[in-house]
2 protein chains.
Amino acid sequence: MQKTKRLPVIEKIIAEENISSHAMLLRRLKAKGISCTQATLSRDLKQIGAGRVPDGKGGYKYTLPENSSNSAQPGYNKLQVLPVILDIVDAKGLLVIRTLPGNANNAAIYIDNTSRYEIAGTIAGDDTILVIPRDGITNHQLHTCLELILPGLHEQIKRK
Amino acid sequence: MQKTKRLPVIEKIIAEENISSHAMLLRRLKAKGISCTQATLSRDLKQIGAGRVPDGKGGYKYTLPENSSNSAQPGYNKLQVLPVILDIVDAKGLLVIRTLPGNANNAAIYIDNTSRYEIAGTIAGDDTILVIPRDGITNHQLHTCLELILPGLHEQIKRK
DNA sequence: AAGATAAATGAATAAATATGCAAAAAACAA
DNA sequence: TTGTTTTTTGCATATTTATTCATTTATCTT
């Protein structure tokens, strides 16, 4: 199961290169040692929210959704946000994230700015964030979503 | 040659409705008295810059490019009492209201002060308010209530 | 206005993308 | 662990979208 490692790579490739088709993306992935089929790509792109739009030069290109975690969030650096998160706990369909004291608000803003569909909103205290999922979003979808926003998150927390 | 009249109509339809395929757009156009083939649509959409992206709900939808006419100047005269409110989302029978950073508390106080029966209470973070309805209050009643407190609210938010 | 040139369009088809289904792989529970 | 359930994946194929080519329609030019 290499989906978890594949998605971030796909996002990165789309962000950095001009990808015009699944076939092209497939080649780029292979060059990075990841191989899958067009069908899988189609599903991955759908999950990421990436779409194909005219590139204005007579062709087409894939783009990441607005405020994707990759579309550089001014003022926030992934590597700085990540280590402040201590713990993630499910509670009544909601998600409670604990951070270092005083860091909850910043982390929450970071999460909000990704404008992920799965997340209805967040509320931050001093060291705790409540993440409220939209109706119909499963617990697992929510975790996958968080993993997209902050790659390596769960991995890191497990390590603690 | 009706391209000149067709393009604006296509833009408008895409801006206002959720179009998921050429076939669907074709039907909408026909309903407006414009008829053409899928091939023409494909070319039109390319020229407009419209692309097909995942809608986050398991399907796809067409979107206009960033600075397209619809995302243009929001009429100033339409600004409401609390232009700090960005978004309202239903979640698990609760209501999540997102505001500009730092404005949640003020907005929440404003809502509290109306002492509406429908609202049991509110919790405000920095940019998010959780509105908790009384037991027995339907989702629809809650929205109607909010609309009473802040006339034109939903209308404004739809306009994004 | 007539002829020439360019733009627009549809029909057919090519190219690209999405999905049903079955199998395999992971995650989970006891 | 072992059995159970969920998720992921590829294959084959359906669906959707883009393009080629021929034709028509509009736009110039003189």
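Only heavy atoms go into these numbers, but all of them, side chains included; no hydrogens, no water, no symmetry mates. Naming: A, B, ... by sequence-line order, numbering from 1 per chain.
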In whole angstroms, how far is the C1' atom of C:dA16 from the CG atom of A:Leu25? 14 Å

Could you give the CG-to-C1' distance, from A:Leu29 to D:dT9, as a whole number of Å? 15 Å

B:Gln47 CD to C:dA8 P: how many Å, rounded? 7 Å

Qualifying residues under side-chain contact (heavy atoms from CB on, under 4.5 Å), relative to A:Asp55, sequence neighbours excluded: A:Lys57, A:Lys61

note: A:Leu7, atom CG; D:dT7, atom C1'; distance rounded to Å ~ 13 Å

Separation of A:Ile48 atom CD1 from C:dT17 atom C1', in whole Å? 15 Å

Does OP1 or OP2 of C:dG10 have a side-chain N or O of B:Thr40 closer than 4.0 Å? yes

So salt bridge (charged side-chain N to carboxylate O under 4.0 Å, His left out) across residues 16-42 of chain A, not counting sequence neighbours, yields A:Lys12-A:Glu16, A:Glu17-A:Arg28

Side chains of residues 44-54 of chain A: which donor-acceptor pairs under 3.5 Å do they make with residues two or more places apart or in other chains?
unit_1: A:Asp44; atom_1: OD1; unit_2: A:Arg6; atom_2: NH2; d: 3.2
unit_1: A:Asp44; atom_1: OD2; unit_2: A:Arg6; atom_2: NE; d: 2.5
unit_1: A:Asp44; atom_1: OD2; unit_2: A:Arg6; atom_2: NH2; d: 2.9
unit_1: A:Lys46; atom_1: NZ; unit_2: B:Gly58; atom_2: O; d: 2.8
unit_1: A:Gln47; atom_1: OE1; unit_2: A:Lys3; atom_2: NZ; d: 2.8
unit_1: A:Arg52; atom_1: NE; unit_2: A:Ser20; atom_2: O; d: 3.4

For the hydrophobic clusters of this structure (ILVMFWY residues joined by side-chain heavy atoms under 4.5 Å, transitively), does one cluster hold both B:Tyr60 and A:Ile10? no

A:Leu95 side, atom CG; A:Cys145 side, atom SG - distance, nearest 0.5 Å: 9.5 Å

To the nearest angstrom, the NZ-P distance between A:Lys61 and C:dA16 comes to 19 Å

The bend of the helix from C:dA1-D:dT30 to C:dA30-D:dT1, taken between the axes of its five terminal pairs at each end and rounded to 10°, is 50°

In this structure, how many angstroms lie between the P atom of C:dA27 and the NE2 atom of A:His143, rounded? 14 Å

Could you run down nucleotides 13-18 of chain D 5' to 3' and tag each one B, S or - for protein heavy-atom contact under 4.0 Å? ---SBB

Could you check if a side-chain atom of B:Thr37 sits within less than 4.5 angstrom of a side-chain atom of B:Leu26, using non-hydrogen atoms only? no

Are A:Thr122 and A:Ile97 close enough that some pair of their side-chain heavy atoms sits under 4.5 Å apart? no

C:dA15 P sits how many Å from A:Met24 CE, rounded? 18 Å

Which residue pairs satisfy the ring-ring contact (aromatic ring centres under 6.0 Å, His included) criterion with at least one member in residues 30-58 of chain A, sequence neighbours excluded? none

Do A:Ile123 and B:Val96 touch side chain to side chain, with heavy atoms closer than 4.5 Å? no

